[in-house]
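One structure is given here, and the rest of the page talks about it.
All ligand and atom numbering here is 1-based and tracks the order in the structure.
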Amino acid sequence: MLLEALSVTKSFRGRRGGAPVVAVSNASLRAEPGRFVAIVGESGSGKSTLARMLLDLIPVTDGTVELDGHDIAQLRGGERRAYRRRVQAVLQDPAGSLNPRKRVEQAIGEVVRLHRIASGRSAVRAKVIEALELVGMEPAGRFLDRFPHELSGGQRQRVLIARAIALGPDIIVADEAVSALDASVKAGVLKVMADLTETIGVGYVFITHDLPVVRKVADYVYVMKSGEIVEEGPKDRLFADPQHPYTRTLLAAAPELAPAD
Ligand SMILES: Nc1ncnc2c1ncn2[C@@H]1O[C@H](COP(=O)(O)OP(=O)(O)OP(=O)(O)O)[C@@H](O)[C@H]1O
């Protein structure tokens, strides 16, 4: 399975007749199962817009997003539903990704039913428990009846990850998924995410402005600036020998990440 953005551009209509905003310009990237790909760049560089195009939430203005060589804009009905299952979003919890009135079992269980991963109360529950265990929430039974406000920030983020992996995705597009967490909690959640590339073989497009995070977990890095990908490469190469002045500036400004707990 291969997910690609091929020279994608997104422009938004300018406010009150102003010039259009080109949020993403001619960007190409590749993501595949088992691989941790990161997109870094400062606020407003177009990362979230690129993520939303990959997730099929907004259409591209130009270029294509392709799954195994098929333009996702052409997908219909069942094919589009399958895409929505295979490419999952994990956003940061403060964005209101979890409904405050739903318990953990319901929050995860309802997407499991919706995508027909399992049906029947006990099969759905088993799937929910399996997903919670994969993100380190053990014993999972303790968390099933909790509401989001009864969980810590790190636990809420794990529930969001569990909800995504319960569907057996190939790729998770994570937009600032750990950015709001305290340093030590962040390291734990990151480790859970990184481990999933091996335990279930999921791949990531991990969007962040946080370079220490990238340094810790990414295999391959794309650097975005003003809507363009200005540099890309395997993490070790990029950190050891940044080519673009913007990448060098980013690296110079990055603090160290706290050690994992
Ligand atoms: N719906 C929209 N209408 C108009 N302009 C938009 C829209 N969405 C994003 N933009 C603009 O596109 C540019 C890129 O925004 P985007 O949110 O993709 O950047 P980002 O790198 O994700 O930043 P952040 O880290 O702050 O979320 C910004 O100039 C933003 O104002």
Side-chain angles (χ1 to χ4, degrees), residues 3-31 36-65 72-73 87-98 153 156-157 160 164 171-183 186 189-190 193 204-218 220-233 235 238 242 244-255 257:
L3 176 64
E4 290 173 293
L6 296 172
S7 303
V8 297
T9 292
K10 181 72 190 179
S11 42
F12 294 106
R13 220 173 296 137
R15 294 215 176 95
R16 287 183 232 106
V21 178
V22 182
V24 175
S25 177
N26 205 27
S28 297
L29 69 78
R30 296 160 67 92
F36 206 115
V37 166
I39 307 176
V40 293
E42 62 200 3
S43 181
S45 57
K47 307 180 300 294
S48 298
T49 303
L50 180 54
R52 284 154 67 208
M53 290 190 281
L54 290 171
L55 287 163
D56 194 27
L57 298 176
I58 54 170
V60 300
T61 307
D62 206 356
T64 51
V65 174
I72 66 163
V87 182
Q88 283 292 307
V90 172
L91 310 176
Q92 56 177 306
D93 179 54
S97 305
L98 283 174
R156 281 200 296 275
Q157 204 60 38
L160 290 173
I171 305 282
I172 289 176
V173 178
D175 193 354
E176 302 288 7
V178 298
S179 303
L181 302 173
D182 291 344
K186 181 190 290 191
V189 175
L190 256 187
M193 294 182 83
Y204 291 93
V205 177
F206 191 94
I207 288 154
T208 185
H209 62 275
D210 191 341
L211 266 151
V213 162
V214 173
R215 169 171 265 159
K216 197 165 175 68
V217 292
Y220 196 89
V221 184
Y222 294 90
V223 181
M224 270 189 99
K225 180 182 191 308
S226 311
E228 293 179 25
I229 291 173
V230 295
E231 181 165 2
E232 64 173 271
K235 178 197 50 190
L238 195 113
H244 195 281
Y246 178 68
T247 312
R248 287 192 205 127
T249 313
L250 274 184
L251 294 186
L257 186 72

Which one of Ser11, Gly227, Ala23, Ser43 has a non-hydrogen atom at the shortest distance from atom 13 (C) of ligand 1?
Ala23
Beyond-backbone contact of Tyr204 with Val90, side-chain heavy atoms, under 4.5 angstrom
no
List for me each residue that meets salt bridge (Lys or Arg N to Asp or Glu O under 4.0 Å) alongside Glu176, sequence neighbours excluded, and say none if there are none.
none
Heavy-atom nearest neighbour of atom 25 (O) of ligand 1 within options His209, Lys47, Met53, Lys10:
Lys47
Side-chain heavy-atom pair Tyr246, Glu42 within 4.5 angstrom cut-off
yes
Backbone or side-chain N or O of Phe12 under 3.5 Å from ligand 1 N or O:
no
If only atom types and distance count, is the side chain of Arg52 paired as donor or acceptor with the main-chain N or O of Leu57 below 3.5 Å?
no
Quick one, Leu50 and Leu29 - any side-chain contact, counting heavy atoms below 4.5 Å?
yes
Taking the side chain as C-beta and beyond, is there a heavy-atom pair between Val87 and Asp56 under 4.5 Å?
no
Distance from atom 11 (C) of ligand 1 to nearest protein heavy atom, with residue and atom:
Val21 CG1, 3.9 Å
Tell me: protein heavy atom nearest atom 17 (O) of ligand 1, and distance?
Ser48 CB, 3.8 Å
From Thr49, Asp175, Ile207 - option closest to atom 16 (P) of ligand 1 by heavy atom
Thr49
Determine, using heavy atoms of Arg15 and all atoms of ligand 1, whether some pair is separated by less than 4.0 Å.
no
Option of least heavy-atom distance to atom 19 (O) of ligand 1 (set: Gly46, Gly41, Ala51)
Gly46
Heavy-atom distance under 4.5 Å between the side chains of Val205 and Ile39, does that happen here?
yes
Just to verify, what does Asp175 make a salt bridge (Lys or Arg N to Asp or Glu O under 4.0 Å) with, not counting sequence neighbours?
none
For ligand 1, which atoms, with element, lie under 4.0 Å from some heavy atom of Glu42?
21 (O)
Can a protein heavy atom be found under 4.0 Å away from atom 30 (C) of ligand 1?
no
Protein residue, atom and distance nearest to atom 23 (O) of ligand 1, heavy-atom basis
Gly44 N, 2.7 Å
